[in-house]
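Here's the structure we're looking at; comments come further down.
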Amino acid sequence: MTRHQRISDLLRQRILVLDGGMGTMVQQYKLGETDYRGHLCRDHSCDVKGNNDLLALTKPEVIREIHNGYLEAGADIIETNTFNGTSIAMADYKLEHIVKVLNREAAKLARECCAEWTKKTPDKPRFVAGALGPTNRTASISPDVNDASKRNVTFDELVTAYVEQLEGLMEGGIDLVLVETIFDTLNAKAALFAYQTVFENDRDPPPLMISGTITDASGRTLSGQTVAAFWTSVKHAKPLSIGINCALGAVAMRPHIEELAKIAPETFISVYPNAGLPNPLSETGYDETPEMTSGFLKEFAQSGLVNIVGGCCGTTPGHIGAIGDAVAKISPRAVTA
């Protein structure tokens, strides 16, 4: 049985639970520059505080604790701490040279945690999704309001960066590839091309998950696409799942998830919203309690809209535990394929 078949079978049996926010969880540890540097970057030439991906190498115990918190809460799938793990994003910290090892070690860390929990609960296998973020540049939008043709990254540069990241993640042992928080579909298409390049001759490639982000009430991505246009642009990759995450809370996401569920009948649907709207005065920086977020996602499930649910910014193991409990007895959305 291939990896795709194995996970597809599980998705037909029950709604799977993805983990929650990583960056907002790291913030709760209140780490300083010394923590981020560790021994590896002790003499590095520039500040690295805020480079959360680096913690897989310099403070792995923190990332391990976060992973285990989500797994204990019931997550079926955890994401590698590699949202910014490309040479393009790491260039801000002059750390392009550690990208491959960073991704490999982040994947190994998540793999070890999943193996431990799968051993504890063999009837509930756990999976590692290699997280590919959008990078901090956009291939579709000019960074200069006075020059609409200007770009600060090319498609080929994005492909090269994503290939390197994927190679590191595969060395670390991922089960799935998650191209997430897509605000520019051209960036995402570069990631998809990299995926196809890396696994061109692989008879059992890790299944592909794709998740875009709707940035405001207009219902469009930052690069201007509607949900339907976004799906049309990426469905050639034949992903295991298509969905929406980040930027909005569950309430604002609902009409877009409903549309996706209608126009992608042969593909599993994922949703992992922020914990509502940002609130700098709350502990996690977001307003929604676990009960609130899980209640919204329970309604999604009862309406037959979803196959994979989880959380993004501001969500915690408490949120993921509540979400898992809320959907545990609800049948997953049926797919036609």
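Position 1 is the first residue of the sequence; numbering continues from there. What you see is a predicted model, and the numbers here were worked out from it, not measured in a lab.
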message: For S45, give me all partners under side-chain hydrogen bond (donor to acceptor under 3.5 Å, both in side chains), at least two apart in sequence or on another chain.
response: none
- prompt: Taking only residues two or more places apart in sequence or in another chain, which ones pass side chain to side chain contact (heavy atoms under 4.5 Å, CB included) with Q13?
  reply: D9, L10
Using a strict threshold of under 4.0 Å (side-chain N to carboxylate O), is an ion pair present between [Y] and [X]?
X: K108; Y: E112; result: no
X: R126; Y: D76; result: no
X: K120; Y: E116; result: no

- request: Report yes if some heavy atom in the side chain of E200 is under 4.5 Å from a heavy atom in the side chain of P205; otherwise report no.
  value: no
query: Can you find a pair of side-chain heavy atoms, one from K59 and one from Y29, that are under 4.5 Å apart?
result: no
query: What pairs meet the ring-ring contact (aromatic ring centres under 6.0 Å, His included) rule with one or both residues in residues 186-237, with sequence neighbours excluded?
result: Y195-F199
- prompt: Under the ring-ring contact (aromatic ring centres under 6.0 Å, His included) rule, what pairs show up with a residue in residues 46-99, not counting sequence neighbours?
  reply: none
message: I'd like to check the salt bridge (charged side-chain N to carboxylate O under 4.0 Å, His left out) partners of R3; sequence neighbours left out, ordered by chain and number.
response: D204
field: N307 and R333: side chain donor to acceptor below 3.5 Å
entry: yes
message: We want to know whether D147 and S149 form a side-chain donor-acceptor pair, criterion being a heavy-atom distance below 3.5 angstrom.
response: yes
query: Are more than 12 heavy atoms from other residues, nucleotides or ligands located less than 6.0 Å from atom CD1 of I263?
result: yes
Pairs involving residues 163-178, ordered by first then second residue, that meet side chain to side chain donor-acceptor pair (under 3.5 Å) (sequence neighbours left out): K100-E167, N103-Q165, R111-D175
